[in-house]
Each structure stands twice: as C-alpha cells, then as structure tokens.
Trainee: 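The structure that follows is given in the form of structure tokens.
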Amino acid sequence: MTQTSHKILLLPGDGIGPEGMAEVSKLANWLSAHHYASFELETDLVGGAAIDAHGVPVTDETIAKAKAADAVMLGAVGGPKWDRVDYAIRPEAGLLKLRKELDLFANLRPALVFDALIEASTLKPEIVRGLDILIVRELTGGVYFGEPRGIEILPNGEKRGFNTQTYTTSEIRRVAEVAFDLAGKRSKKVTSCEKANVMESGKLWREVVTELHAEKYPGIALSHMYADNCAMQLLRNPQQFDVIVTDNLFGDILSDEASMLTGSLGMLPSASLGAVDATTGKRYAMYEPVHGSAPDIAGQGKANPLATILSFAMCLRYSLNRGDLADAIEQAAQNVLNSGLRTPDIMAEHCTQISTADMGDALIRALETSLFLSMRATGASS
Ligand code: IPM
Ligand code: MG
C-alpha cells in the first residue's frame, strides 16, 4: 500500500531547539523506514539562527514553505547572543510572525501529569495525580498584536510605553469554538478566563463566550473566572479544570503556571492551529514544545526531547489524522518514564540519567514494542 507522504517543515531554531528536533527527525525517519507513515522532512531557520544567516528572524521564503507544508514543527527561539539586536527583529519576532502570518489563533497547551513524574511536581501528589488540563490560548490577538503600541517621549521629556489589548467578536468566537469542540471530546467542561471586572475587552470576551455557549453548546458546562482567580485556583485545586479558554497574555502566563503542576516544562507539547479551509479541509498548524531555548544547557545533550516528541504526536493527531500513532508515541513516552530513564531535568532517586539522544532512542525502542503489541492485538501486519 502506498502511503500519503506528509510534508513537514522543521524549524529547530536556537539553544536546545535543534537537539529536541534531531530526536523528532530520528523518530519520523524510523516511522518512514518501518512503513508506519511516510514523511518528507525539510529543515529551515528561525529565530537567532535566521538572524545570523539572513538578518531577520524569519524570511518570507520560510513563511511560504510553512504554508506549503502539511505542518510545521518548531523547536525554540532566542538566547543572550541576540539580546542586542533591534527589537523589531529579535528572535521572538520570528515566532510571532509565523503565528500571525499563518493565522494560528488557537494554541492548545495540555498539562498532563505522568504518574512516574508525580514526585517532580512542587504540589502534593494527591493534588496533581491524574491531572489532565487543556489550556486553549488565543494566539494572534490581544495585547501581543494590538495597535497602537510603542514607546513615546512625552512633552516633559519622560517616556511612555504603551500597548493595546483588543479583541473583536469574531476573534473571541473562533477560539471559544475550538475550546468547546475539544471539551466535547473530553470532560465537557470549559472555564473561560478574563478580567471582565477591569477591562472592556474582558467584558466583551465574557459576553461572546456566553452567547456562543447558549447558541451552540448546551451540552458543555461553562463557567467564567477572573484570570487572577484562575491562577490561584490552579494551585489550590487544579482538578476542577478540564478546558480553560483565555486570551493571549493570560494564556501565556496560565500555561506556564499549569506546566509547573506537572513538574517539568521539559515534558509539555503544544499545538497552534489555524482555521479549517472549507474547500480543502486543511488547516495551517505549528507544533512546538512549551519550553524555551534554555541556552544555559544547549549543546550538552542535557535537554529533554520529550516535549518536542510529544508535540510531534500532537502533529500526527491534529494535522495528519494519525491519532493511532499519536497514542502509541504518548504510550511509549509513559513506558520510558516508567522504566526509570530520565534526562537531567526530571532526574529522581533510583532512576537512570541519560542524554537527549539516548532518550530519543529509548522512545523509539518503547514505541517499537507498543506498535508491535497493538498490531498483534488487531491482527494487522505492516
Ligand atoms: C510562549 C512564549 C512566547 C510567547 C515568547 C517566546 C514570544 O513565552 O510561546 O509561551 O510569549 O508567546
Ligand atoms: Mg510563554
């Protein structure tokens, strides 16, 4: 049987980005070689790496390649080396441009506690055991992109920095739809977070989400929460949440907080999705670990590649219609952790510390076993 070949654009970026991405390439090539799927991988530059080569953090050619691919995998951007570049072309601007140009308005950030890592959380095991939260963060609006913005000099010589928090009805509605749809496949519970008590954009956010819920999603339980209260509730009783939908800035903060419930930023994947094209059924999408470029440990084989690998699993699920392989990779990650193998960030007593590349290899070995077992169970052959 010939398989559809999936075109994936790899943008490893800076710091530990390339190390995590190398393990994804290894995994994708292994899946291709064993005919579980077929991938056409292309690699390009983003962030500081692109600034060094082209003077900008992402080129128009790279954006065009991202649009032409079935999905984009991104590593991480930034580092002290580029601290002094012009603000408009800083490494992060490349990431923000990709999000904006591809209109990736829905950012899915799951926070899942793996049993094997429960001791790594700073919270008590009974508070976080079995935790499975999905944060849906709006990604192309709000204060990240609002105009006017800038730093101006006032008549008295003082400077004034300003940004604009802005949301339109349609921007709120489309991201809330994604959250409700995903909640429908989970525990059917959505918490919408804003600061309606302080900001008009938050008041509108609450109105639009309430209206959409009444109109289309009667089967989903909706509650509203001020974002500061949500930050507190995430620590007090995280199990009360299933899907949280929120704006760009609150989502940035709450997702970092939620990630720490799980004990390691090194484990958390994310997906950034655009709208589904009505004619082709396709959507632009980019997958990236939640962690940053961690320049302090870059190039030493210390990085945990699992967040990037689990982002690739999300890519298989949301862009390539291969939920079967995504499930198998997620299971393999659990099995590797259960076997006691650990990169330094999640190292614990009685475990074995291994390198980035060894973790990638261990994952493939575990995957081989779980794919073999699931094939035998279904009686299929490759
Ligand atoms: C994230 C990061 C980015 C953001 C930075 C690197 C621009 O913190 O993806 O959460 O603020 O969105
Ligand atoms: Mg962030």
Side-chain angles (χ1 to χ4, degrees), residues 11-18 20-21 45-51 56-58 63 66 72-83 85-111 133-146 149 161 163-167 171 175 193 227 230-231 234 244-262 264-274 284-296 298 303 307-308 310-311 314-315:
L11 301 175
D14 310 319
I16 60 170
M21 199 60 78
L45 303 174
V46 73
I51 296 174
V56 286
V58 67
I63 301 266
V72 180
M73 287 289 312
L74 188 130
V77 297
K81 182 174 174 200
W82 303 281
D83 274 354
V85 302
D86 190 21
Y87 190 71
I89 58 149
R90 69 199 185 284
E92 290 80 0
L95 177 59
L96 296 173
K97 186 166 178 184
L98 273 162
R99 289 175 179 170
K100 193 68 177 174
E101 293 272 327
L102 274 66
D103 201 14
L104 306 173
F105 63 90
N107 182 213
L108 280 41
R109 298 193 161 184
I133 296 178
L134 177 64
I135 297 190
V136 179
R137 165 189 177 193
E138 200 292 327
L139 202 61
T140 50
V143 75
Y144 271 59
F145 296 96
R149 63 189 297 160
N163 292 87
T164 305
Q165 166 77 337
T166 142
Y167 273 106
E171 283 175 322
V175 72
C193 294
C230 179
L234 273 172
I244 295 175
V245 63
T246 189
D247 79 8
N248 204 343
L249 182 60
F250 295 140
D252 181 42
I253 297 166
L254 294 174
S255 64
D256 261 28
E257 186 189 353
S259 75
M260 259 301 127
L261 301 174
T262 72
S264 173
L265 209 49
M267 294 295 302
L268 294 176
S270 81
S272 304
L273 308 176
Y284 292 145
M286 182 160 84
Y287 300 85
E288 54 180 302
V290 171
H291 65 66
S293 60
D296 51 321
T308 318
L310 292 170
S311 300
M314 290 187 90
C315 171

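All values below were derived from every heavy atom in this structure, side-chain atoms included, with hydrogens, water molecules and symmetry-related copies excluded. Read the numbers this way: they start at 1 and go in the same order the structure lists the ligands and their atoms.
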Trainee: Can a donor-acceptor pair be found, under 3.5 Å and without considering hydrogens, that links the side chain of Asp86 to the backbone of Ile89?
Mentor: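 No, Asp86 side chain to Ile89 backbone: no donor-acceptor pair under 3.5 Å.
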
Trainee: Keeping the roles fixed (side chain from Glu138, backbone from Thr140), state whether a donor-acceptor pair exists under 3.5 Å.
Mentor: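 The answer is yes, because a donor-acceptor pair under 3.5 Å joins these two groups.
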
Trainee: What is the nearest protein non-hydrogen atom to atom 6 (C) of ligand 1, stated with its residue, atom name and distance?
Mentor: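 That would be Glu92 CG, 3.7 Å.
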
Trainee: Based purely on interatomic distance, does Arg109 place a nitrogen or oxygen under 3.5 Å from a nitrogen or oxygen of ligand 1?
Mentor: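 Yes, Arg109 has an N/O under 3.5 Å of an N/O on ligand 1.
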
Trainee: Please check: side-chain N/O of Asn248 versus main-chain N/O of Leu139, any donor-acceptor pairing under 3.5 Å?
Mentor: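 Here the side-chain-to-backbone pair exists.
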
Trainee: Hey, which N, O or S atom on Asp252 ends up closest to the Mg ion (ligand 2)?
Mentor: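 Checking each N, O and S atom of Asp252, the shortest distance to the Mg ion (ligand 2) belongs to OD1.
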
Trainee: When you measure from atom 11 (O) of ligand 1 to every protein heavy atom, which one gives the shortest distance, and what is it?
Mentor: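 Looking only at protein heavy atoms, the one closest to atom 11 (O) of ligand 1 is Tyr144 OH, 2.5 Å.
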
Trainee: Return yes if some donor-acceptor pair links the side-chain N/O of Asp14 with the main-chain N/O of Ala49 below 3.5 Å, else return no.
Mentor: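 Pair found, side chain donor or acceptor close to backbone of Ala49.
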
Trainee: Under the 3.5 angstrom rule, does the side chain of Ser270 hit a backbone N or O of Glu288 as a donor-acceptor pair?
Mentor: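 Pair found, side chain donor or acceptor close to backbone of Glu288.
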
Trainee: Specify side chain, backbone, both or neither for Arg137, according to which of its non-hydrogen atoms lie closer than 4.0 Å to ligand 1.
Mentor: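 Within the 4.0 Å criterion, Arg137 contacts ligand 1 through side-chain atoms alone.
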
Trainee: Is it true that Arg99 lies under 4.0 Å from ligand 1, counting heavy atoms only?
Mentor: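 Yes, Arg99 has a heavy atom closer than 4.0 Å to ligand 1.
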
Trainee: Can you confirm whether Arg99 sits close enough to Leu74 that some side-chain heavy atom of one is under 4.5 Å from a side-chain heavy atom of the other?
Mentor: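 With C-beta onward as the side chain, the pair stays apart.
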
Trainee: Does ligand 1 come near enough to Asp252 that some N or O of the ligand is less than 3.5 Å from an N or O of the residue?
Mentor: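 In this structure, Asp252 places an N or O atom under 3.5 Å from an N or O of ligand 1.
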
